[in-house]
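Order of the sequence lines sets the chain letters (A, B, ...), proteins ahead of strands, with each chain counted from 1.
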2 protein chains.
Amino acid sequence: MRILKELPLVPAERALKVLGGRWKVYVLYFLFDGPMRLSELRRQIPDVSQKVLVQQLREMEEHGIVHREVFAEVPPRVVYTATKLGLSLRPIVSALCAWGRRHAAELDVLDDGSPAASPRARKRA
Amino acid sequence: MRILKELPLVPAERALKVLGGRWKVYVLYFLFDGPMRLSELRRQIPDVSQKVLVQQLREMEEHGIVHREVFAEVPPRVVYTATKLGLSLRPIVSALCAWGRRHAAELDVLDDGSPAASPRARKRA
DNA sequence: CGGTATCCATTGTGATACTG
DNA sequence: CAGTATCACAATGGATACCG
């Protein structure tokens, strides 16, 4: 039953969960280039509500890929940074991005390498 | 507003969506090693219900990473294969897996590279 | 500015039973 | 064996308004 839990793939699930949030790749993308304040992130990612953005940042913080630092200044300043671990995701995000492009391309050409001449027996779709 | 939609990251979202199902990496993992029938997949992934497994397979098929072939034999036989595109995910799954391991390790050691000596001002957690 | 509290819609996942 | 139909339910995501 926990056969699965010992499979070498399980770590992949963890990684997917870490990246899985709707806006996490965007956040990472910007944090890869340096620290950012919440308001800056909101400007860069206009489609996300503040609540959700903060939510995602909290999760990323818990996952150890983002660091949150509070400066107790007059106008409160909060800066988010990618941790070393977070930065280590960069090549993966790049790979995902590259694959996403390929995906789009292949779907267009329908360059499917599998037995393409086989009888597709299902009627749906 | 659709600033985001033109960002190089958007493809990454697509990739994440393709891999995002609860059982998809497992399915891929097994299909990487060769074609499989539904019943075989169920045996390999005992924790998934048939309904959900079929659901995930359908999505993967629509995404072009899995191929479904029906043999109109006496006992109906259906074989699932990873397409060329699906196989192209292999290195990514590996990378995710590797990162997942590192993630676990780093969280243990708390080897966070970011300004670790900074005042963590939040009270929650 | 940065963040929380509510409330609500959508989605994903799952147990179960039934069909060709 | 392979698959669908129902029903249920938790997790996500989002809109809005309010707080220090």
Side-chain angles (χ1 to χ4, degrees), chain A residues 1 4 13-14 16-27 31 35-63 66-81 118-125, chain B residues 1 4 13 16-27 30-31 35-63 66-81 118-125:
Chain A
M1 187 140 332
L4 288 176
E13 284 196 293
R14 196 170 329 155
L16 281 175
K17 218 177 167 209
V18 165
L19 289 174
R22 174 80 180 75
W23 305 100
K24 290 183 183 172
V25 279
Y26 291 106
V27 173
L31 292 191
M36 277 221 183
R37 305 180 52 172
L38 181 65
S39 44
E40 295 176 302
L41 282 172
R42 291 206 60 188
R43 260 192 299 282
Q44 298 289 343
I45 320 175
D47 285 348
V48 68
S49 75
Q50 173 166 307
K51 179 204 133 185
V52 172
L53 180 56
V54 172
Q55 207 171 263
Q56 307 265 306
L57 284 166
R58 290 288 177 279
E59 291 175 15
M60 297 171 80
E61 204 191 344
E62 276 170 26
H63 290 152
V66 160
H67 173 77
R68 175 180 180 268
E69 186 154 11
V70 182
F71 297 89
E73 304 171 351
V74 192
R77 193 162 62 94
V78 178
V79 172
Y80 293 92
T81 356
S118 57
R120 301 185 55 71
R122 193 143 22 86
K123 37 283 164 192
R124 51 185 299 277
Chain B
M1 186 139 333
L4 287 176
E13 284 197 296
L16 281 176
K17 219 180 164 209
V18 165
L19 289 174
R22 174 79 180 76
W23 304 100
K24 288 181 185 174
V25 279
Y26 291 107
V27 172
F30 291 113
L31 291 191
M36 275 219 185
R37 306 180 53 171
L38 182 65
S39 45
E40 294 177 302
L41 283 172
R42 291 205 61 189
R43 259 191 300 281
Q44 298 290 342
I45 319 175
D47 284 349
V48 69
S49 75
Q50 174 166 306
K51 180 204 133 184
V52 171
L53 179 56
V54 171
Q55 208 171 265
Q56 308 265 305
L57 284 166
R58 290 287 178 280
E59 292 175 14
M60 297 171 80
E61 204 190 344
E62 276 168 26
H63 290 153
V66 159
H67 173 77
R68 174 179 180 267
E69 185 155 11
V70 182
F71 297 89
E73 304 172 350
V74 193
R77 192 162 64 96
V78 177
V79 171
Y80 293 92
T81 357
S118 57
R120 301 186 55 70
R122 194 141 25 82
K123 37 282 163 194
R124 50 184 299 280

Exercise. Identify whether any heavy atom of A/Tyr80 sits under 4.0 Å from a base atom; if not, whether one sits that close to sugar-phosphate; answer base, sugar-phosphate or nothing.
Key: sugar-phosphate
Quiz item: Whole-Å distance between D/dA2 C1' and B/Glu69 CD?
Solution: 15 Å
Practice problem: Only counting residues at least two apart or in another chain, list the ones meeting side-chain hydrogen bond (donor to acceptor under 3.5 Å, both in side chains) with A/Glu40. | Solution: none
Quiz item: So which heavy atom on B/Val48 is nearest to which on B/Leu53, and how close?
Solution: CG2-N, 3.8 Å
Quiz item: For the pair made of CG in A/Leu57 and P in C/dG2, what is the distance, rounded to whole Å?
Solution: 11 Å
Practice problem: Measure the distance from CG on A/Leu53 to C1' on D/dA15 and round it to the nearest whole Å. | Solution: 15 Å
Quiz item: Quick one: A/Leu19 CG to D/dT12 C1', roughly how many Å, whole number?
Solution: 16 Å
Quiz item: Do any side-chain nitrogens or oxygens of B/Arg77 fall under 4.0 Å of OP1 or OP2 in D/dC1?
Solution: no
Practice problem: Examine distances only and state if a side-chain atom of B/Glu61 and a backbone atom of B/Val66 form a donor-acceptor pair shorter than 3.5 Å. | Solution: no
Quiz item: Tell me: CZ of A/Arg42 to P of D/dG14, nearest whole Å?
Solution: 12 Å
Practice problem: For each nucleotide in nucleotides 9-20 of chain C, reading 5' to 3', give B when a protein heavy atom comes within less than 4.0 Å of its base, S when such contact involves only the sugar-phosphate, and - otherwise. | Solution: ----BBB----B
Exercise. Calculate the interatomic distance between A/Met36 atom CE and C/dC1 atom P; express it in whole Å.
Key: 15 Å
Exercise. Could you pull out all residues at least two apart from A/Arg37 that satisfy side-chain hydrogen bond (donor to acceptor under 3.5 Å, both in side chains)?
Key: none
Self-check item: Shortest non-hydrogen contact between B/Lys17 and B/His63, atoms and distance
Solution: O-CE1, 4.4 Å
Quiz item: Between B/Arg77 and B/Glu69, is there a side-chain N and carboxylate O pair less than 4.0 Å apart?
Solution: no
Quiz item: Could you state the CZ-C1' distance from A/Arg58 to D/dT12, rounded to the nearest angstrom?
Solution: 17 Å
